[in-house]
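Reading through the structure tokens given below for one structure.
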Amino acid sequence: MPELNPPQAQAVAHNQGPLLVFAGAGSGKTRVITYRVANLLAEHSVAPYRILAVTFTNKAAGEMRARLEQLAGPEITSDLWLGTFHAVCARLLRRYHDEVGLSRRYVIYDDSDQKALVSRLIKRLGINDKELPPRLALSRIHKQKRLALSPEDTTPEWPLDESFVELYAKYEQSLRTADAVDFEDLILHIMRLAEDPLSPAGRDMRSRFSHVLVDEFQDTNAIQYRLVRALVGETKNLCVVGDDDQSIYRWRGADVRNIRGFRDDFPTATIIKLEQNYRSTSNIVKAALGIIAKAMWREPKQLFTEEGSGEPVRVRAVGDERQEAFFVVESIRHQIANGADPDDIAIFYRVHAQSRVLEESLRGAGIPYQIVGGMKFFDRAEVKSLLAYMRLVNTTRSDADLLRIINVPTRGIGNKTVQLLVDAAAKREICVWDALTLLLDAGTLPTAARRKLKAFHELITDLRTVAESHSPHDFAAHILEATGFRQTLEKEDSVESDARLENLAELLGSIAEYELEREEAGENVTLEAYLERVSLVADVDTMEDAPKVAMMTVHAAKGLEFVSVYLTGMEEEMFPYRGMNSESDDALEELDEERRLAYVAVTRAKQRLVITHAGSRTIFGRTKFLNRSRFIDDLPPAVTRLEGTSQQRTQYQRTHETGVSAARERGESYVDRNAFDDLPEEEAAPRPGDTVQHSKFGEGVVERVELGTDPAIVARYPGWGVKKVLARFLSY
DNA sequence: TACAAGCGCCTTTTT
DNA sequence: GGCGCTTGTA
């Protein structure tokens with residue numbers, strides 16, 4: 001099936017013992033795993049439930065499962081253990097919850113839950129949050145956990161560390177009383193069990209899987225690797241596939257040394273290198289190699305392609321981010337007009353903050369698009385609140401959820417009362433729900449507070465009985481009514497409340513969709529299963545297969561491919577990105593990671609790659625003047641075409657200096673027509689009487705034009721009336 | 001206690 | 001530029 005030469009295919013299909021596949025970009029990495037699993041099932045009669053295949057995203061797992069279904073049939077593939085580390089561990093943890101002191105209904109705290117918890121603890125412990133801000137504290141906690149270091153293992157190195165260690169210990173304790181885990185815990189709990197020679201669960205897990213496969217192995221972290229090694233046990237039937245050049249999650253604890261040092265850990269490992277790229281034109285492959293060749297540390301390998309050279313890689317200089325957006329959108333419009341499918345096109349950027357300007361231009365041009373990541377649907381306050389109700393009913397011990405909704409919609413339980421509850425819970429080391437129950441029984445509460453708290457207590461208790469007899473969807477719908485959530489929003493009747501109601505409706509829709517999907521797969525639908533899935537969705541997982549231009553960070557682009565790629569913001573400081581902690585001591589490692597990130601970006605393109613860089617950029621409310629990225633200079637001149645002008649001209653441009661750029665040097669303003677010479681000629685501004693097109697209002701007749709730095713057009717739209725809209729949001 | 005306004009804060013990448 | 005938090009007021 002995949003493009004393997006005969007000895008490689010032989011090894012992938014039949015190898016026993018450790019197998020390491022270095023799979024270069026576009027060489028069919030994921031297919032190697034699929035091929036091996038298919039062979040284990042068909043040729044070696046391995047029972048599907050004895051195979052564990054770990055992917056990087058849920059989306060990848062879904063695609064692999066679909067492909068295997070075609071090869072082996074759904075009744076076989078449904079028994080496979082196939083998913084991300086987190087999803088697989090979450091499932092195992094449901095099974096072995098007892099041994100780690102969780103209930104079967106434990107909840108998974110997301111980032112904001114975790115951060116809220118840490119903030120609360122910092123306040124309670126009287127720690128100075130200037131010296132140890134919640135963000136930093138949390139990231140240090142995660143770091144410790146990824147190294148499997150518990151609070152007791154953490155020795156304070158300097159005075160401040162003492163409060164950190166104390167905080168870390170309290171954090172762990174709070175998770176336990178809340179019947180909750182964070183993302184690291186999912187892996188860590190299971191890893192500890194799997195390594196424990198005395199644990200029955202560990203013994204069970206170690207003998208459970210006869211074959212373990214890991215995709216995107218370069219991005220596993222220390223505890224994930226330890227877990228894999230424990231699970232593989234004595235069989236050593238471990239197959240890992242990855243590409244050290246595409247390791248881009250170091251900041252999340254991923255350790256490239258796992259793949260680079262694999263042969264030290266498994267001296268008998270068979271090693272295969274897949275070096276032929278089947279995805280991109282040779283110009284694109286050469287461009288990518290130009291970038292990665294300068295990495296300081298990498299496994300030697302020779303990526304090559306037999307595809308034709310294709311178009312040159314275009315490198316476009318523009319003045320600022322608005323011009324960049326204008327250029328990208330015009331170019332995309334041009335492509336679509338010539339028959340390109342929008343979903344074959346992607347726009348990449350280094351940080352989410354770059355997406356807004358691009359988004360506005362796309363919307364203005366009426367080009368369908370989807371943004372992967374960014375402000376996530378599940379991050380909306382109202383969505384979180386509804387889910388918090390569901391989680392709280394499922395697990396009343398979950399403090400984060402209780403505190404989120406105790407006064408949503410407002411029911412007269414203010415900060416003072418809440419603080420009373422939290423203190424009572426902390427004093428007795430119990431969860432807030434139990435503290436609430438206790439205080440109501442004790443009868444020591446002020447009457448007003450008592451009445452309101454009692455009503456809340458009854459509300460949740462009632463919801464619990466409803467949950468038992470309803471599907472997740474019906475239960476969610478019931479919550480909206482019973483809590484008065486819907487009514488409150490309807491009464492508010494503002495643009496925001498309408499949007500909230502819409503989001504809630506969308507959430508209900510997605511729950512219904514989920515139920516349908518499960519039923520079709522022949523599985524029963526439970527509240528826990530739904531909540532678990534919601535906790536583990538990644539951004540890419542939500543990407544639709546719709547005819548829309550995709551916009552995403554380069555990180556989110558990993559594992560994807562597009563016919564045309566626009567790589568924007570290729571400037572020093574933006575890419576390689578220089579954040580606040582640029583003084584860190586492993587700056588070289590970080591630069592290498594940026595380089596690999598650029599390599600990943602470039603290798604996503606199949607046929608067309610356009611790279612843009614701006615002379616100045618306003619981001620986070622500050623305008624910066626930027627130089628072209630060093631990665632652009634690493635592109636082989638033979639495969640690139642430099643276009644446009646900016647403050648920073650390339651050698652190429654300097655030798656082709658024109659009168660126009662000389663004029664700009666002297667500070668004269670002009671319109672650089674040459675910069676858009678391959679685009680449809682820019683048209684003059686519309687005049688009164690002309691018609692313009694708006695994505696929402698449709699066609700309108702121009703009444704007045706307001707010129708300026710950002711021209712606006714006043715026009716009458718049938719059915720909408722007279723509207724003033726910035727010209728860049730209109731087509732004409 | 002509710003709510004609005006305003007302030008200061010930060011600002012990478014994510015399971 | 002936006003968010004969360006605090007503050008001030010009804």
Side-chain angles (χ1 to χ4, degrees), chain A residues 54-61 83-90 108-112 114-116 119 123 129-130 133-136 139 142 145-146 181-188 216 219-221 223-224 247-254 348-357 372-376 378-379 381 407-419 446 448-449 452 488 492 532-542 552-558 569 573-582 584 590 593-594 596-598 600-601 618-624:
Chain A
V54 182
T55 58
F56 197 70
T57 62
N58 296 303
K59 189 165 182 273
T84 62
F85 271 111
H86 292 92
V88 166
C89 288
I108 301 167
Y109 272 9
D110 70 12
D111 278 337
S112 68
Q114 295 165 28
K115 206 177 139 224
S119 302
K123 210 168 286 169
D129 63 0
K130 292 280 180 299
R135 264 185 89 84
L136 183 72
S139 84
H142 288 156
K145 291 176 109 165
R146 286 194 299 258
V181 297
D182 61 21
F183 291 120
E184 317 299 345
D185 279 338
L186 289 171
I187 317 283
L188 196 51
E216 305 279 12
D219 282 322
T220 52
N221 65 30
I223 53 177
Q224 290 168 340
S247 167
I248 57 174
Y249 282 97
R250 204 177 81 99
W251 51 274
R252 197 167 94 185
F348 297 162
Y349 33 81
R350 178 64 180 80
V351 298
H352 280 302
Q354 290 167 258
S355 69
R356 227 194 73 255
V357 182
V372 177
M375 306 152 290
K376 280 171 278 186
F378 288 103
D379 282 347
N407 203 28
V408 177
T410 52
R411 48 173 74 91
I413 303 176
N415 287 337
K416 227 176 98 196
T417 314
V418 171
Q419 201 50 51
K452 290 165 187 162
T488 313
E492 192 185 321
E532 176 179 310
R533 165 148 119 170
V534 167
S535 305
L536 297 177
V537 284
D539 291 337
V540 233
D541 297 335
T542 63
M552 66 191 83
T553 63
V554 179
H555 281 90
K558 182 165 103 153
E573 290 187 50
M574 289 305 298
F575 204 166
Y577 188 81
R578 221 188 310 285
M580 336 244 305
N581 45 348
S582 49
S584 79
E590 270 166 25
E593 177 133 323
E594 294 290 319
R596 294 192 294 265
L597 198 51
V600 168
T618 304
I619 196 152
F620 302 129
R622 243 207 288 281
T623 304
K624 291 177 168 180

Whole Å only: how far is the [atom1] atom of [X] from the [atom2] atom of [N]?
{"X": "A:Q354", "N": "B:dT11", "atom1": "CD", "atom2": "P", "answer": "17 Å"}
{"X": "A:K558", "N": "B:dT15", "atom1": "NZ", "atom2": "C1'", "answer": "11 Å"}
{"X": "A:F183", "N": "B:dT15", "atom1": "CZ", "atom2": "P", "answer": "8 Å"}
{"X": "A:D111", "N": "C:dC3", "atom1": "CG", "atom2": "P", "answer": "16 Å"}
{"X": "A:I223", "N": "B:dT15", "atom1": "CD1", "atom2": "C1'", "answer": "11 Å"}
{"X": "A:Q224", "N": "B:dT14", "atom1": "CD", "atom2": "P", "answer": "16 Å"}
{"X": "A:D182", "N": "B:dT14", "atom1": "CG", "atom2": "C1'", "answer": "14 Å"}
{"X": "A:D219", "N": "B:dT13", "atom1": "CG", "atom2": "C1'", "answer": "11 Å"}

Checking A:D219 side chain against A:I248 main chain: does a donor-acceptor pair fall under 3.5 Å?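 Yes, A:D219 side chain to A:I248 backbone: donor-acceptor pair under 3.5 Å.
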Polar side-chain atom of A:E593 near backbone of A:R250 as donor-acceptor pair, under 3.5 Å: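 Yes: the side chain of A:E593 pairs with the backbone of A:R250.
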Can you sort out the partners of [X] under side chain to side chain donor-acceptor pair (under 3.5 Å), two or more places apart, ordered by chain and number?
{"X": "A:R356", "result": "A:E360"}
{"X": "A:D110", "result": "A:S112, A:K384"}
{"X": "A:K145", "result": "A:E172, A:D182, A:D185"}
{"X": "A:T410", "result": "none"}

Want to settle it: does A:A449 or A:L597 sit nearer the 5' end of DNA chain B, counting the closest nucleotide to each?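 It is A:A449 whose nearest nucleotide is closer to the 5' end.
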Contact nearer the 5' end of DNA chain B, comparing A:K416 with A:F56: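 The residue whose closest nucleotide sits nearer the 5' end is A:K416.
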Tell me what A:F85 touches on the nucleic acid: a base, only sugar-phosphate, or nothing, going by heavy atoms under 4.0 Å.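 Nothing, no nucleic acid heavy atom in range.
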If you look at every strand shown and take non-hydrogen atoms under 4.0 Å, does A:T417 touch a base, only sugar-phosphate, or nothing?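 Sugar-phosphate: the residue A:T417, judged by heavy atoms under 4.0 Å, touches backbone atoms but no base.
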Using only side-chain N and O atoms of [X], determine if any of them is under 4.0 Å from OP1 or OP2 of [N].
{"X": "A:H352", "N": "B:dT11", "answer": "no"}
{"X": "A:T553", "N": "B:dT14", "answer": "yes"}
{"X": "A:R135", "N": "B:dC10", "answer": "no"}

Return the polar atom pairs (N/O with N/O) between nucleotides 2-6 of chain B and the protein under 3.5 Å, or none.
from  : atom 1 : to     : atom 2 : distance (Å)
B:dA2 : OP1    : A:G412 : N      : 2.8

List in chain and number order the residues that pass side chain to side chain contact (heavy atoms under 4.5 Å, CB included) with A:V351, two or more places apart in sequence or in another chain; answer none if no residue qualifies.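 So A:V351 forms a side chain to side chain contact (heavy atoms under 4.5 Å, CB included) with A:A353, A:Q354, A:M574, A:Y577, A:I619.
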Measuring only the C1' atom in each nucleotide, how far is C:dG4 from B:dT13? A whole number of Å is fine. 22 Å
Kindly confirm whether the side-chain ring of A:W251 is stacked on the base of B:dT13, judged by centres under 5.5 Å and planes under 30°. yes
